[in-house]
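Have a look at the structure below before the remarks.
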2 protein chains.
Amino acid sequence: MNVRTICLAILYDGDATGYEIRKLSVEGEYSYFIDASYGAIYPSLARLEQEKLVTARVEQQDGKPAKKIYSITPAGRAAFIQSMFEKLGEDEFRSEFLLFLRFASELPQSLVEQRLNERIVEIDATLADFDRLKQQHNHPGDAWVIDYGRTCMQAARDYIEAHGDELIALARSDRDDAAAAE
Amino acid sequence: MNVRTICLAILYDGDATGYEIRKLSVEGEYSYFIDASYGAIYPSLARLEQEKLVTARVEQQDGKPAKKIYSITPAGRAAFIQSMFEKLGEDEFRSEFLLFLRFASELPQSLVEQRLNERIVEIDATLADFDRLKQQHNHPGDAWVIDYGRTCMQAARDYIEAHGDELIALARSDRDDAAAAE
DNA sequence: TCGCACATGTAACGTGTTACATGATTAG
DNA sequence: CTAATCATGTAACACGTTACATGTGCGA
């Protein structure tokens, strides 16, 4: 899944500027699909404009820089929907957190415990964010996708709460670790 | 998480060649952390050797190309463990599948249904793979991580089975879609 | 005999990030 | 007065993929 596709998906729901697209992709409802920077978004939008999949209009603002507002064209909508018919890219999941936990037996107990606690806090924040997103969804499919995410997150949280202790028990006791440091 | 770190993680458990590392990262227990190609692995190993974090020895084989077997050095072990102490990279999750589902209302029912069924099959394959991996794990933390993965996968599967129909109901009926195609 | 598994490596290419350039307004 | 927000865009860089080059033995 590339920045290009995400730009089309966002513009599918309504006009936006490059700046707004980046915000949505970092903080908003799209942050669970991608995390794109200006350096990727602006050239992407320029290319989409060339290909006539979006159009742009400039809007002057007083006190603020001029905005370049992009709109999706009928051809853009068709191209996006067409891409949903084609073979989808595989889901990708990369977790340095799980790699860390895999090596729990080589790491100090206190660190393993701390990281597990931090993760619970992060998951709670994500769950709260899902609640926020659910208030302001615009697609009929949004609520379903958000609840899907919530279900997976909750399962992860429950697993950590139920079995975190087992992992902490595997870790190096802090006493051993202090001894090894000498 | 980069290829470099994964190479060290794999070599932490025992010697391996570049070829084997790629296999592990694509099919094996590491495929849930990364999916690296030769073009990334070989240069990475060469650099690790320069930095004295791994050593290499060449082993001739009759009928097969010579192997270059890499071993982690004490400095390599220390560097890897040190990297686990430092701030971890964030987990990343990208799902074109969820983007597709989000737009269910714009897509034909038959396609949405098909993709949901395919996903169930994929999840079952992954769950079976987890069973296989659980037989041959070498770290004490492996079983925990595998069960964590299994729990999340199972939750996703259950959710699709329980709520898939709701999403299919949102999709365009195939009759409308045929009409729209004219 | 066709293609796959074994095995290493490079070069071209794609895609995205980080840092920079520019500049006004507003909130702390 | 300092930092953040709004706003666009480019250039250097990092990192990774795909395709290619090379070559043997084995199973269908």
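Everything numeric here is computed off the predicted structure, so don't read it as measured data. Residue numbers begin at 1 in each chain, while the letters A, B, ... track the order of the sequences.
Residue-level contact check: G39(A) touches the bases, meaning some heavy atom is under 4.0 Å from a base atom.
Taking atom CG on L24(A) and atom P on dC6(D), their separation rounds to 12 Å, with Å as the unit. Distance K64(B) NZ to dC4(C) P: 18 Å, rounded to the nearest Å. For I6(A) and dT17(C), the CD1 to P distance is 12 Å, given to the nearest whole Å. Taking atom CD1 on I41(A) and atom P on dA7(D), their separation rounds to 14 Å, with Å as the unit. Here dG9(D) presents its C1' atom at 17 Å from CD of E20(A), a figure rounded to the nearest Å. Across the protein-nucleic acid pair, R22(B) atom CZ and dG16(D) atom P stand 15 Å apart, rounded to whole Å. Per the geometry, CD belonging to Q60(A) stands 16 Å off P belonging to dG23(C), to the nearest Å. Rounded to whole angstrom, the span from the CG atom of L45(B) across to the C1' atom of dG16(D) amounts to 15 Å.
Within the structure, every side-chain polar atom (N or O) of S37(A) is placed at least 4.0 Å from both OP1 and OP2 of dT18(C). The side chain of Q61(B) contributes an N or O atom lying less than 4.0 Å from OP1 or OP2 of dA7(C). When the side-chain nitrogen and oxygen atoms of K23(B) are compared with OP1 and OP2 of dA5(C), none of them lie within a distance under 4.0 Å.
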Exercise. Check step by step if side-chain hydrogen bond (donor to acceptor under 3.5 Å, both in side chains) holds for R150(A) and Y159(B).
Key: CA-CA 10 Å; R150(A) 156 182 298 291; Y159(B) 185 83; over 6 Å; no
Exercise. Kindly determine whether N2(B) and T5(B) satisfy side-chain hydrogen bond (donor to acceptor under 3.5 Å, both in side chains), including the steps that lead there.
Key: CA-CA 6 Å; N2(B) 49 21; T5(B) 309; 2.5 Å; yes
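Side-chain proximity of N2(B) to the nucleotides dA7(D), dT8(C), dG16(D) is greatest for dG16(D). With dT8(C), dT8(D), dT18(C) as the candidates, the nucleotide lying closest to the side chain of Y19(A) is dT8(D). Here the side chain of P65(A) is nearest to one of dC6(D), dC6(C), dT8(C), namely dC6(D). The side chain of A40(A) approaches dT17(C) more closely than any other nucleotide in the set dC6(D), dT8(D), dT17(C).
Map Y38(A) and A66(B) each onto its nearest nucleotide of DNA chain C; the residue landing nearer the 5' end is A66(B). Place Y42(A) and V3(B) on DNA chain D by their nearest nucleotides, and Y42(A) ends up nearer the 5' end.
Contact annotation: the side chain of M84(A) approaches that of L99(B) to within less than 4.5 Å [non-hydrogen atoms, C-beta and beyond]. In this structure, the side chains of T17(B) and K68(B) stay at 4.5 Å or more apart for every pair of heavy atoms.
With 3.5 Å as the limit, one finds a donor-acceptor pair spanning the side chains of Q154(A) and D158(A).
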